Every structure is written in C-alpha cells, then in structure tokens.
Amino acid sequence: MMSDRRCIEKSAPIRNENFSRDIENVPETGCLSIIVLGASGDLAKKKTFPALFNLYRQGFLQPNEVHIFGYARTKISDEDLRWCICGYLAPGRGASAEHSEGVLEFLQLIKYVCGSYDTEEGFRSLEKIISEHEVAKNSAEGSSRRLFYLALPPSVYPSVCKMIKDCCTNKSDLGGWTRIVVEKPFGKDLASAEELSSQIGELFDEAQIYRIDHYLGKELVQNLLVLRFANRFFLPLWNRDNIDNVQIVFREDFGTEGRGGYFDEYGIIRDIIQNHLLQVLCLVAMEKPVSLKSEHIRDEKVKVLQSVVPIKDEEVVLGQYEGYTDDSTVPDNSNTPTLATMILRIHNERWEGVPFILKAGKALNSRKAEIRVQFKDVPGDIFRCQKQGRNEFVIRLQPSEAIYMKLMVKQPGLEMSTVQSELDLSYGQRYQGVVIPEAYERLILDTIRGDQQHFVRRDELKAAWEIFTPLLHRIDNGEFKPIPYKQGSGGPVEADELSERAGYVQTHGYIWIPPIL
Ligand SMILES: NC(=O)C1=CN([C@@H]2O[C@H](COP(=O)(O)OP(=O)(O)OC[C@H]3O[C@@H](n4cnc5c(N)ncnc54)[C@H](OP(=O)(O)O)[C@@H]3O)[C@@H](O)[C@H]2O)C=CC1
Ligand SMILES: O=C1O[C@H](COP(=O)(O)O)[C@@H](O)[C@H](O)[C@H]1O
C-alpha cells in the first residue's frame, strides 16, 4: 500500500522559475516602506492592512526590513489607526496561539501621518518619517524600496502622484525603487481614463505603476493559464468548433450597502464588468503567450480586447433592484444599473460566432462568481440524451473554489440509460488544510517583487474602455433604462432570455452541489 508520505511527494508542485517572475536585479531584501494612502478608509482597513498582516505573518514581510505608514487627512494618532485596523486582522485564517502576539508586533510596525492630498506639507512629513526609518535600518541611499498604495478615490490620484514624485521619491541607483499601486475604477470612460493615465504617466514609468484588479489575484483566475495551456485535452477543444458559448458570471446577494454614493456614480458595468469580468474573459479567450513573462501575457490580452466588436443594444439587458434609491446617497431618479447581462463577441479565428455572456448583479438570490464554458451538442447523438444537458466546463471562482466538468455517463444499473454527472475538483476536498491566499495578499506581494503579470497595463486599460464607453455614454444620457427586479430574486427574466437567445442551454433536473467534507 502506498504510504501517505509517498502520496505527498508524488504530488509535490513543480515550481517553474519562469512562472513566478521575470524581473532582474531587484533586491529581495533591504529596507521596505509601505505607505497606505487613504489609510482611514474602507478598503485600507478591510483589505490592504489585513493583506499586509497575512504577508507579515507568513514571513514575506520581515520585521527588520519593513515599516508601514498610513496617510490620510483624518486627524488620528498611531494608536487610533492601529485600533481601527486591529479587528480586521482575520483571526480565522490559519490562526494559532501566536496569532495575537503576531498582531501586536505587526501593529507596532505601523505609523500614521496626517496630511492633505494636494499640498506638500504632509508629504514632506511623510518623507521625513520614511527617511528616518531607512536610516534606522542602515539602508544605503539608493537601495531602499518604497511602495505607495493609493487606497483613495481616483479623483485625487493625479495630485497624490505629483506629491509623491516631488516629495517622496527615493533614489534608485543601488537597486531601490518607488512603486505606485492604484485601485479601480481607473477612469469613468475612455477619455477620463486616458487623461488619468497621461497625468500619472508623466510622473512615473509604466514599470512603476501597478493598476490593481483584485480578480487577477484570485486562485482560480490565476489557474486559468495553467488549465488552458498545461493540459493537452483542452488545447484542441478550446475554440469555435467545439464551444457554443461562454458565460462569466458575478452575483452578489447584497446591495450597495453603505457604498451607494460611490456606486451610483459608476454602476455595475464600471464596477464589475469593465474590469473584473473583462480580465477573466481575456484569460479565457487569449492565445498562448510566447512565454510567461508579464509583457508576453499582457500582449495577448490586449489582442483579445482589440478584437471585441462593438456591443449591440439588443444584446444588453440592464436591471436595477427595487429599493436601490432608498439609500440617501442615491438620487431618487437614478438610472444606474445594479445588474447587467451583455454579449461580447470576439472577431478572430478562434472565437468568431461564440457569444461571451457577461453577467453581473447585486442584491440577487445567491453569491457566486464563475466561468461556464458550454460545449456544442454531440453530432449524431445515438443515445438521444441531448435534452439532459450539454457538456460544460465550470470554473467556480467563489465561494467554494472548484473546477468541474458536467458530462454524460451511463446510469449505473442494468438499463442502458444516460445521466448527467460530473468530474469534480472541489478545492476544499482535494486540498484539505490548504489556505488559499486572499487576492490582495498575493497581488501586494507581486508589487514588492516587481511582477506586473497580474496588473493591468495602460494599453489594456485603454482597449477595455474602448469596448464599453459608447454603451456607458448611452446609459449616462438616459437612453437605456434598467428593468426593476426584486431584491433576493434571480434578476429580470429578460436577462435569462438574452442568454438563451445567445445559445445558452439551461440544464434541467441537475444541479451541482459542492461536496461537504
Ligand atoms: N472598499 C472596497 O471594497 C473597494 C474599494 N476599491 C477602490 O479603492 C479605493 C478606496 O476605496 P474606499 O476605501 O472604499 O474609499 P473611501 O471612500 O473609504 O476613501 C478612502 C479614504 O480617502 C479619503 N477620501 C474619501 N473621499 C475623498 C475625497 N473626495 N477627496 C479626498 N479624499 C477622500 C478619506 O480619507 P481622509 O478623509 O481621512 O483623508 C477616506 O478614508 C477607491 O478607488 C475604490 O473605488 C476597489 C475595490 C473594492
Ligand atoms: O471591486 C469590487 O468587488 C467587490 C466584490 O469582490 P469579491 O472579491 O468579494 O467578489 C464588489 O462587492 C464591489 O462592488 C466592487 O467594487
């Protein structure tokens, strides 16, 4: 009988050096300052600081190298900030007896600087305190690393970047660097995104700018290239000859919850589809890159985006959940969609005629994000089993990460009848005890390592906005009205009808239930 030890050795992952990064001469050690701008805000406390804590806990941030600075206008002390963050430092994730000790040590690494986003005074104070930290760590001038994380509304990016450039940029001649992480939404349409890109581009090189899209840090999104290009059996099937349609779905079972003011300015297309779902689409549809170098991957993503044809009005359904405008920060007559289903079509040799159905909605009856690749019917079906459902390859991004394949099998027993079943790779079952890192954790580590593979390049962003801008302008001008739907429902039936018109065939009488341990 095979021992457990042998099983583990047999399935030990093979690390491909090329896979992890393609940067040269970047020091992995040395003084590191991480500056979270907008430290008083929602994202900073819920995502950025917890991700930093998890990196610290796992040894990716060394206490003898790193210092963390919070910066914002709110007048609070170091202790206030630490107190505010403390409750979000996830005790559940692989926590141990040392957890609370680790929390205290981590919090001691954080200092707060109060200042505005458009005057030099605050940034000069920030520079002073960062330099003091670097001197205390005996960091040679030109070798220190400074990471500025802009957890701020995009409206202040240009002034903040200017202040960083003028007051806080370090010398980099001994391998040091200054990097800027910017959050979405990066612009509101093509023109505003390009303006923002130009403003920041005048101050920093593209290699210093990390446009974060946290979906690119999700485990199963990162798995897409491996699945597609490291498995022989997908290679010949992944095209218009075999695939009927692809759905990329985001559903949330809660509404805008305290973020109504922000959301109403953007809507579901700018909040979810233009970035998260489109990035996923790129990874599903792109050609094999020359190598795993960031630029090679991003070159292929840009090609897909540039091959998307203009979206047709009749291939879009918008919805707004009832009660959305009850939020005092949302205007009563808001036209902002909280749900959208639309068909994207890619005009190239691989995908001509295959609809990519993008669906995103808030306040629905479930929370999930998944990619559903539906195959065409088997030609000359001798079992007459077509109506039981088509082959589908499903990648569930969340919750309960899983990859499963819906396929026909013989119903066990004496009769020769068919039934739909699945090949199921549920992560909770297959990788028991493995903690899947949070997307932000992984992406922040990439920024420290200088790996831009999972960040959005400027031309990629431009191509993404080119796809949606005409539609967004029509919605903004009130030319497109969202259909009301009930909170907790499946969304407007018109959205399902659109998917069906596009060719999606719903499987009846079968539902995949994630296995429980
Ligand atoms: N929250 C989330 O879950 C997510 C957020 N994002 C993006 O991350 C960024 C930050 O988000 P979030 O933390 O929610 O935003 P907040 O609204 O919480 O803003 C962050 C901080 O920025 C400062 N601020 C807020 N509004 C303004 C303004 N008009 N002018 C200048 N400063 C302002 C405030 O700090 P102070 O007043 O103390 O200076 C605030 O604490 C945004 O770009 C957002 O779109 C992306 C994905 C998810
Ligand atoms: O960027 C955003 O993402 C969240 C959903 O993120 P997830 O990782 O929980 O799927 C969404 O709620 C928010 O509106 C949006 O800004």
Side-chain angles (χ1 to χ4, degrees), residues 27 29-41 43-45 47-53 55-56 60-86 88-89 103-152 156-183 203-204 208 210 444 447-448:
T29 55
C31 187
L32 172 64
S33 302
I34 301 176
I35 304 102
V36 181
L37 299 125
S40 55
L43 182 81
K45 70 172 181 244
K47 298 287 184 188
T48 320
F49 286 114
L52 291 173
F53 172 64
L55 290 174
Y56 172 77
F60 290 107
L61 301 178
Q62 292 295 328
N64 58 338
E65 290 175 359
V66 74
H67 225 96
I68 299 168
F69 303 93
Y71 183 95
R73 299 171 304 184
T74 306
K75 289 189 172 50
I76 49 170
S77 64
D78 293 351
E79 274 313 312
D80 293 334
L81 178 64
R82 291 171 187 156
W83 177 248
C84 164
I85 297 165
C86 185
Y88 292 92
L89 304 182
V103 169
L104 291 178
E105 280 170 13
F106 172 76
L107 291 175
Q108 288 313 309
L109 296 174
I110 302 175
K111 288 210 178 317
Y112 182 73
V113 178
C114 175
S116 72
Y117 300 118
D118 53 3
T119 56
E120 291 199 355
E121 200 188 344
F123 284 88
R124 295 265 172 233
S125 309
L126 189 58
E127 163 64 23
K128 187 165 172 285
I129 193 170
I130 298 171
S131 297
E132 281 167 8
H133 156 65
E134 289 170 353
V135 170
K137 294 280 189 287
N138 293 324
S139 179
E141 206 185 357
S143 71
S144 63
R145 303 172 287 167
R146 294 184 180 185
L147 181 68
F148 292 86
Y149 193 111
L150 275 58
L152 286 166
V156 297
Y157 290 174
S159 68
V160 168
C161 286
K162 172 122 184 39
M163 291 299 133
I164 295 170
K165 176 78 180 178
D166 291 350
C167 308
C168 303
T169 309
N170 57 342
K171 287 194 175 160
S172 57
D173 45 340
L174 290 179
W177 45 253
T178 302
R179 293 183 186 142
I180 312 289
V181 183
V182 285
E183 269 290 345
L203 300 165
F204 295 101
Q208 294 178 285
Y210 289 72
I444 291 175
T447 63
I448 297 168

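All values derive from a computational prediction rather than experimental measurement. This chain uses plain numbering: 1 for the first residue, then up along the sequence.
Pairing each heavy atom of V103 with each of C86, the nearest pair is CG1-SG, 4.3 Å. Minimum interatomic distance between Y112 and I76 (heavy atoms only, all atoms of both residues): CD2-O, 3.1 Å. The heavy-atom pair separating Q208 from T178 by the smallest distance is NE2-O, 3.0 Å. For the residue pair S40 and A72, the shortest heavy atom distance occurs at OG-CB, 3.5 Å. What you find for H133 and F69 is that their closest heavy atoms are CB-CZ, 4.0 Å. In terms of heavy-atom proximity, A44 sits nearest to P50 at O-CD, 3.8 Å.
With a 4.5 Å cut-off on side-chain heavy atoms, Y71 and L152 do not count as touching. Side-chain contact between L107 and L89 is present, with at least one heavy-atom pair separated by less than 4.5 Å. With a 4.5 Å cut-off on side-chain heavy atoms, I448 and L61 count as touching. T48 has its side chain within reach of I444: a pair of non-hydrogen atoms, C-beta onward, lies under 4.5 Å apart. Counting heavy atoms from C-beta outward, H67 and K137 have side chains that approach closer than 4.5 Å. A 4.5 Å side-chain heavy-atom check between F148 and L37 finds at least one atom pair inside the cut-off. Proximity of L52 to V36: side-chain heavy atoms (C-beta onward) are separated by under 4.5 Å at one or more points. Taking 4.5 Å as the limit, some side-chain heavy atom of R73 sits within range of a side-chain heavy atom of Y117.
For the residue pair Y149 / E183, a side-chain donor-acceptor distance below 3.5 Å is found, with atom types taken as modelled.
In this structure, the side chain of E65 does not engage the main chain of L32 through any donor-acceptor pair within 3.5 Å. Between the side chain of D118 and the backbone N or O of V160, no donor-acceptor pair lies under 3.5 Å.
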E127/R146 under side-chain contact (heavy atoms from CB on, under 4.5 Å): CA gap, chis, key distance, verdict: CA-CA 11 Å; E127 163 64 23; R146 294 184 180 185; 2.7 Å; yes
Steps toward salt bridge (charged side-chain N to carboxylate O under 4.0 Å, His left out) verdict (E121, R124): CA-CA 5 Å; E121 200 188 344; R124 295 265 172 233; over 6 Å; no
CA sep, side-chain torsions, deciding dist, call: Q108, R82, side-chain contact (heavy atoms from CB on, under 4.5 Å): CA-CA 8 Å; Q108 288 313 309; R82 291 171 187 156; 3.6 Å; yes
Residue pair L150, I180: steps toward the side-chain contact (heavy atoms from CB on, under 4.5 Å) verdict: CA-CA 7 Å; L150 275 58; I180 312 289; 3.9 Å; yes
Residues V113, F123; criterion side-chain contact (heavy atoms from CB on, under 4.5 Å); working and verdict: CA-CA 9 Å; V113 178; F123 284 88; over 6 Å; no
Worked verdict on Y88 versus F53 for ring-ring contact (aromatic ring centres under 6.0 Å, His included): CA-CA 10 Å; Y88 292 92; F53 172 64; over 10 Å; no
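For the atom pair OG of S144 and CG of N170, the computed distance is 4.0 Å after rounding to the nearest 0.5 Å. Interatomic distance, L55 CG to I34 CD1, rounded to the nearest 0.5 Å: 7.5 Å.
A tilted orientation is assigned to the rings of F106 and Y56, their planes being inclined by 30° to 60°.
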